[in-house]
Amino acid sequence: MALTASPKNNQKTWIELSRKNLRHNLEVFRRLCGPATPIWTVKANAYGHDAVLIAKEIEKMYPPLGSARGSARAAKSKKYLGYWFGVDSIDEAVSLRREGIAAPIIVLGWVPYPRLKELVKFNLRLLVSSAQTVKQLSQLKNKNKIRVHIKIDTGTTRQGVLPEQALAMAHMLRAAGAVIEGAAMHFANIEDVDNPTYGDLQIERFTHTVSLLQASGFALPVVHAACSAAIMTRPETVLTAARIGIGLYGLNPSALVAARYKKQKRGAALKPVLAWRSRIALLKQIPPGTPVGYGLTEQTARRTMVAIVPVGYADGYDRSLSSRAYVLIRGKKCRVMGRVCMNMMIVDATPVADAAENDMVTLIGFDGKRQIAADDLAAAAGTINYEIVARLAEHIKRIVV
Ligand SMILES: *Cc1c(COP(=O)(O)O)cnc(C)c1O
């Protein structure tokens, strides 16, 4: 068979994105959102999935309201609602616009002052926390076109103005000439479903502050607090919009959230969108007692068939996975041996009797019935699934399958 130019056969490592699973998760969250607007969070290159590919797939499935196809759908059905994209940086927002993404985009992170004018040029919304940023906005031409959301720090101690400063911030923004469209907060421990008290306090502070602003003449049509964990376990935190990241990619915000979500039967289980693959570059039999890899950190305990896999920490396979994680070859689990190198790792392929060079290796995802989940790598590396996928190197080719 002729080889095609697919990353599956012309790249040493590649990432497959399942369109079907993306659509599944999207529909799960659309249902959970009800009439609220989902803000699909595609920061960190869509949690390592590829922001442009993911946003384009979403726009193909659901043409955005501003577009001709979207307006036609909305005219046919009142149930056809819009959605936004949420990004961290101005660069991410600009790259989506340059690739033709038409849906509303909100920049959630900090924007360097000289770049603020791009909010106007590319029709972007901004989450604002700082008086300095407002001062900079006030000096822009066309600032009356900038739509802003006030971020309120209800106790996460990250972005945001303290609740008691929110009204002053709103007046400052109005004086600066910006359009105040919404308000937002972010939970500190909503993943910890057994300890709801702090989340209760945060949402209480937020709704109180929003009411105060509204009573003072700021309409705030778009208010958002919920992230994936909140929408999956605490529907009352979904206000007029919700920011959804990890769940869109089919990963659970935490094991506790997954268990609670399942128990409450609020929606279908999420399905992972991403699979990460490579191939066996080299196979060889090694006698017992042979050191494996840099630093001689382990030795073969028996006659061992080692497979060299051309992926390493520079590709996003964390070095802390050395001797701890597993990959799948021909549906069988094979352990990573010795230290993960920059662009290679060594795997014990002894369990695969018929292993051959060029065999597919699954680093994350299913191979047959077996799965290596991002959660498995996270547990082995002592981190969370978010970090495992967010650090997948951008140079790895992504394909939608
Ligand atoms: C990343 C992020 C989200 C999305 O959180 P998930 O847990 O991935 O759903 C929501 N809001 C803010 C402010 C974020 O930074």
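Whatever order the structure lists ligands and atoms in, that order sets their numbers, starting from 1.
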Asker: We want to know whether T350 and R302 form a side-chain donor-acceptor pair, criterion being a heavy-atom distance below 3.5 angstrom.
Answerer: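 Note: T350 and R302 side chains meet the donor-acceptor criterion.
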Asker: What residue pairs, at least two apart or across chains, pass side chain to side chain donor-acceptor pair (under 3.5 Å) with a residue in residues 76-87?
Answerer: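 Checked against side chain to side chain donor-acceptor pair (under 3.5 Å) - neighbours excluded - no pair reaches residues 76-87.
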Asker: Does any pair with a residue in residues 267-281 pass salt bridge (charged side-chain N to carboxylate O under 4.0 Å, His left out), and if so which ones, sequence neighbours excluded?
Answerer: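 Every salt bridge (charged side-chain N to carboxylate O under 4.0 Å, His left out) pair that includes a residue of residues 267-281, provided the two are not neighbours, is E16-R277.
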Asker: May I have the N/O to N/O pairs between ligand 1 and the protein that fall below 3.5 Å, each with atom names and distance to one decimal?
Answerer:
| unit_1 | atom_1 | unit_2 | atom_2 | d |
| --- | --- | --- | --- | --- |
| ligand 1 | 7 (O) | Y386 | OH | 2.6 |
| ligand 1 | 8 (O) | Y47 | OH | 2.5 |
| ligand 1 | 8 (O) | I246 | N | 2.8 |
| ligand 1 | 9 (O) | S228 | N | 2.9 |
| ligand 1 | 9 (O) | S228 | OG | 2.5 |
| ligand 1 | 9 (O) | G245 | N | 2.9 |
| ligand 1 | 11 (N) | H186 | ND1 | 3.4 |
| ligand 1 | 11 (N) | R243 | NE | 2.6 |
| ligand 1 | 11 (N) | R243 | NH2 | 3.4 |
| ligand 1 | 15 (O) | K43 | NZ | 2.5 |
| ligand 1 | 15 (O) | R158 | NH2 | 3.4 |

Asker: Do any pairs count as a salt bridge (charged side-chain N to carboxylate O under 4.0 Å, His left out) and have a residue in residues 169-184, sequence neighbours left out, and if so which ones?
Answerer: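 Listed by first then second residue: R125-E181.
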Asker: Does the plane of the ring in W40 sit parallel, tilted or perpendicular to the ring in F29? Use 30° and 60° as the thresholds.
Answerer: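 If you compare the ring of W40 with that of F29, the planes turn out perpendicular.
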Asker: With the side chain counted from C-beta on, respond yes when V292 and T304 share a heavy-atom pair under 4.5 Å apart, and no when they do not.
Answerer: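 Result no, sub-4.5 Å side-chain heavy-atom pair not found.
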